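Contents: one structure, followed by commentary.
The shown structure was predicted, so the numbers you read here are calculated from the model rather than taken from an experiment. Numbers here are sequence positions counted from 1.
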Amino acid sequence: MSEIQVNTINEYTGANGVTIDGVLVKDGVAHSGLVKLHSVTASNSSSVDLLFANTGWTTADYHSFIIKGRWITPVADNVRLYGAFYNGSSLVSGTYSAGQRYYRMDSSDSGYGQDDDTDFFDMLDGTYGTDTREGVQVNIEVFPSGDGTTNSSPSVPTFATVETVAKMSGASAYAVVSNVIFDSASAVNGFKFYNSSGNISSGHFDFYGVKR
């Protein structure tokens, strides 16, 4: 009979689950890379805040974070969807530069845009509202410069890629990809969604860490 060789299994228990030889087991499911850390459902909410206190995200465990949002609708008509970075429970001040590529899906229109904004960035480079089926889905990946416990070396800014698909104001359907740079060495470990005016009527938001 062949002999089965069994090596020592390395196990570590942390706040986000049990890691066995580099594979995280959380809630009975094995995760080799993408780990859901927190979820928020908006309901007439002034903002959606994905905070370190709830996610436990650090650069010691993860090299980036991903946010997936679906069924996002506003209370007010013709508003913009904004994003901003948190460090802990405090918003980080600074200039966001975003370059957008957009194309219309229900007609012929495409192009490029660029924005420099203070303390936020515009995800759509346009407005969405309350007409029939208007709404947004969004996928964001953020590579922070640091989280307050570990900083990038050498020091680099926070980078993000934002992909949105939206039925926007005027019933036009657009796909928009924004590449964002937050030109600061400030620590970043969370994210805020909010509208230029009025509350977020609905939306489901999942926050994931990407394992090192």
- Criterion side chain to side chain contact (heavy atoms under 4.5 Å, CB included) against Phe143, the qualifying member of Pro157, Ser64, Ser152: Ser64

- Query: Does any N or O in the side chain of Asp117 come within less than 3.5 Å of the main-chain N or O of Phe121, such that one atom is a donor and the other an acceptor?
  - Reply: no

- Message: Side chains of Phe193 and Leu50, heavy atoms from C-beta outward: is any pair under 4.5 Å?
- Response: yes

- Query: Atom CG in Asp106, atom NZ in Lys167: separation rounded to 0.5 Å?
  - Reply: 8.0 Å

- Run the numbers on Phe52 and Thr58 for side chain to side chain contact (heavy atoms under 4.5 Å, CB included), then give the verdict. CA-CA 8 Å; Phe52 170 77; Thr58 71; 3.7 Å; yes

- Query: Looking at CH2 of Trp57 and CG of Asp147, how far apart are the two atoms once the value is rounded to the nearest 0.5 Å?
  - Reply: 5.5 Å

- Heavy-atom pair with the smallest gap, counting every atom of His63 and Pro144: O-CD, 4.3 Å

- Just by distance, do the side chain of Asp119 and the backbone of Gly94 share a donor-acceptor pair under 3.5 Å? yes

- Item | Heavy-atom closest pair, residues Asn87 and Val92 | N-CG2, 3.7 Å

- Asp122 with Arg80: basic N within carboxylate O range, under 4.0 Å: yes

- Without swapping roles, check the side chain of Thr164 against the backbone of Val177 for a donor-acceptor pair under 3.5 Å. no

- Side-chain contact, heavy-atom cut-off 4.5 Å: Phe205 with Val48? yes

- Message: Using the rule given for side chain to side chain contact (heavy atoms under 4.5 Å, CB included), can you reason through Ile67 versus Val138, listing the C-alpha separation, both sets of side-chain angles and the distance that settles it, and then say yes or no?
- Response: CA-CA 8 Å; Ile67 303 166; Val138 62; 5.9 Å; no

- Test log, rule ring pair (Phe, Tyr, Trp, His ring centres under 6.0 Å), inputs Phe207 and Phe65: CA-CA 7 Å; Phe207 185 102; Phe65 60 80; 4.8 Å; yes

- Taking the six-membered ring for Trp and the full ring for Phe, Tyr or His, determine whether the centres of Phe191 and Tyr86 are under 6.0 Å apart. no

- Query: Ser47 and Asp49: side chain to side chain donor-acceptor pair (under 3.5 Å), yes or no, with the steps?
  - Reply: CA-CA 6 Å; Ser47 64; Asp49 304 298; 2.9 Å; yes

When the side chains of residues 179-190 are checked against the rest of the protein, which donor-acceptor pairs come out under 3.5 Å, sequence neighbours left out?
{"from": "Ser184", "atom 1": "OG", "to": "Ser186", "atom 2": "N", "distance (Å)": "3.0"}
{"from": "Ser184", "atom 1": "OG", "to": "Ser186", "atom 2": "OG", "distance (Å)": "2.8"}
{"from": "Asn189", "atom 1": "OD1", "to": "Gly88", "atom 2": "N", "distance (Å)": "2.8"}

- Message: Ring centres under 6.0 Å, that's the criterion: do Tyr103 and Tyr174 meet it?
- Response: no

- Query: If you measure from CG on Leu81 to CZ on Phe120, what distance do you get to the nearest 0.5 Å?
  - Reply: 11.5 Å

- Close side-chain approach of Val165 to Met105, heavy-atom, < 4.5 Å: yes

- Is there side-chain contact between Asn195 and Tyr128, with at least one heavy-atom pair below 4.5 Å? yes

- Message: Ring-plane angle category for Tyr194 and Tyr82, please: parallel below 30°, perpendicular beyond 60°, tilted otherwise.
- Response: perpendicular

- Message: Between Ile72 and Ile200, is the side chain to side chain contact (heavy atoms under 4.5 Å, CB included) condition met? List the steps.
- Response: CA-CA 7 Å; Ile72 306 168; Ile200 297 175; 4.3 Å; yes

- Item | Any side-chain heavy-atom pair of Ile140 and Lys68 under 4.5 Å | no

- Provide the closest heavy-atom pair for Pro74 versus Val79 in the form atom of the first, atom of the second, distance. CB-CG2, 3.6 Å

- Query: With distance as the sole criterion, is a donor-acceptor pair present between the side chains of Asp206 and Ser39 under 3.5 Å?
  - Reply: yes

- Message: Nearest 0.5 Å, please: how far is CD in Glu141 from CD1 in Ile66?
- Response: 4.0 Å

- Item | Candidate pair Lys211 and Tyr62, rule side chain to side chain contact (heavy atoms under 4.5 Å, CB included), full reasoning | CA-CA 4 Å; Lys211 291 286 290 183; Tyr62 306 97; 3.4 Å; yes

- Note on the structure: d(Ser110 OG, Arg104 CZ) to nearest 0.5 Å is 12.0 Å

- Message: Testing the basics here: between Ser97 and Gln114, what is the closest heavy-atom pair and its distance to 0.1 Å?
- Response: CB-NE2, 4.3 Å

- Looking at side-chain heavy atoms only, is the closest gap between Thr73 and Thr130 below 4.5 Å? no

- Message: Restricting to non-hydrogen atoms, name the atom on Ser169 and the atom on Gly129 that form the minimum distance, rounded to 0.1 Å.
- Response: OG-N, 4.0 Å

- Cationic tip of Lys192 above Phe85 ring, under 6.0 Å, 45° of axis: no

- Message: What's the separation between atom OH in Tyr208 and atom CG in Asn139, rounded to the nearest 0.5 Å?
- Response: 9.5 Å

- So, for Thr127 and Met168, which heavy atoms are closest and what is the spacing to 0.1 Å? O-CB, 3.2 Å

